[in-house]
Amino acid sequence: MRTVHSLKELRTILRGYRQQGKTIGLVPTMGNLHEGHTSLVRKAAEASDIVVTSIFVNPMQFGAGEDLDTYPRTLMDDQRKLAEAGNTLVFAPNAEEVYPEGLANQTKVVVPEVSEGHCGASRPGHFEGVATVVTMLFNMVQPDIAVFGEKDFQQLAVIRKLTRDLMIPVEIIGAPTVREEDGLAKSSRNGYLTEDERAVAPTVFQTLKETADQLVQGRNDFGTLEQAARQSLTNAGLRPDYFNIVNSLTLKPASGQDQEITLLVAAFLGTTRLIDNLSVKR
Ligand code: PAF
């Protein structure tokens, strides 16, 4: 498995693969990889001949006071995990390679509607940063397919829409959330949790499951269910950012007629912000 840091080198290598008629899969990441990421690489390897994993801690998607500076950079460890998962090529550019003119002068991609609310409301500019870097990665790698985790449900919706709206010829594949045995969704940020916080963290998924059960039983009083879920999180020692019951496609508040409903949650444990989601069909 090779690692390249420059776009020029990346393009030269990928040109060679395309000339051999190989299909290319992309797995965009910010590194600090765990089993959630390697499951994306395995999925990409099933759907394409060559898997390119990008590792780039994208400054544009971090807000002021967020963890850009402390976000773990673990390239050597990541390379080992990627090689084991069947990855072909690692693209690990630095910020100057991706944003040669700096962030202030960078053309940006804004995705209306699905970027709004939920994480978009709590983290202004976040999805603009994600949409911009993902569009750039699509142009750099020109993959046939790209795989993203369903754990970042709103991010996946943003990426699906930008791909459709900008007519980018890449198939977007969503991959199921990988969980710890106690249900906690795997996340690079779980490493920030203290031992006590880690013991409380599974409450996020438990609360999702309990609320989903109520929906499957036919409850349509979504406001009451959201309020009860926020209270359960608070009682367990979390600080809920939001707990929203939405239409799975539009991410707008769910209505009683919706057959596909998703529960979206973000909550703080100490300074760590955890997100998760669960979809139900009715
Ligand atoms: O999900 C992530 O790790 C990031 O948001 C992504 C898609 C790699 C863009 O920086």
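We count ligands from 1, going down the list as the structure has it; atoms in each ligand are counted the same way. Reckoned from all heavy atoms, side chains included, excluding hydrogens, waters and symmetry mates.
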Would you check if there is a donor-acceptor pair between the side chains of Thr3 and Gln79 at a distance under 3.5 Å?
-> yes
For Glu101, look at atom CD and say whether over 12 heavy atoms of other residues, nucleotides or ligands are found less than 6.0 Å away.
-> no
Hey, mind stepping through Arg123 and Asp241 against salt bridge (charged side-chain N to carboxylate O under 4.0 Å, His left out) and telling me if it holds?
-> CA-CA 11 Å; Arg123 303 182 69 192; Asp241 178 2; over 6 Å; no
Decide salt bridge (charged side-chain N to carboxylate O under 4.0 Å, His left out) for Lys81 and Asp78; before the verdict, give the C-alpha distance in whole Å, the side-chain angles of both, and the deciding distance to 0.1 Å.
-> CA-CA 5 Å; Lys81 291 176 185 162; Asp78 293 344; 5.1 Å; no
More than 12 non-hydrogen atoms from neighbouring residues, nucleotides or ligands closer than 6.0 Å to NZ on Lys108, yes or no?
-> yes
Option among Gln257, Arg282, Gln214 that satisfies the side-chain hydrogen bond (donor to acceptor under 3.5 Å, both in side chains) test with Asn220 = Arg282
Identify the protein atoms, limited to N or O, that lie within less than 3.5 Å of an N or O atom of ligand 1, and list each pair with its distance to 0.1 Å.
residue: ligand 1; atom: 1 (O); partner: Gln155; partner atom: NE2; Å: 2.9
residue: ligand 1; atom: 5 (O); partner: Gln61; partner atom: NE2; Å: 2.9
residue: ligand 1; atom: 5 (O); partner: Gln155; partner atom: OE1; Å: 2.7
residue: ligand 1; atom: 10 (O); partner: Gln61; partner atom: OE1; Å: 2.6

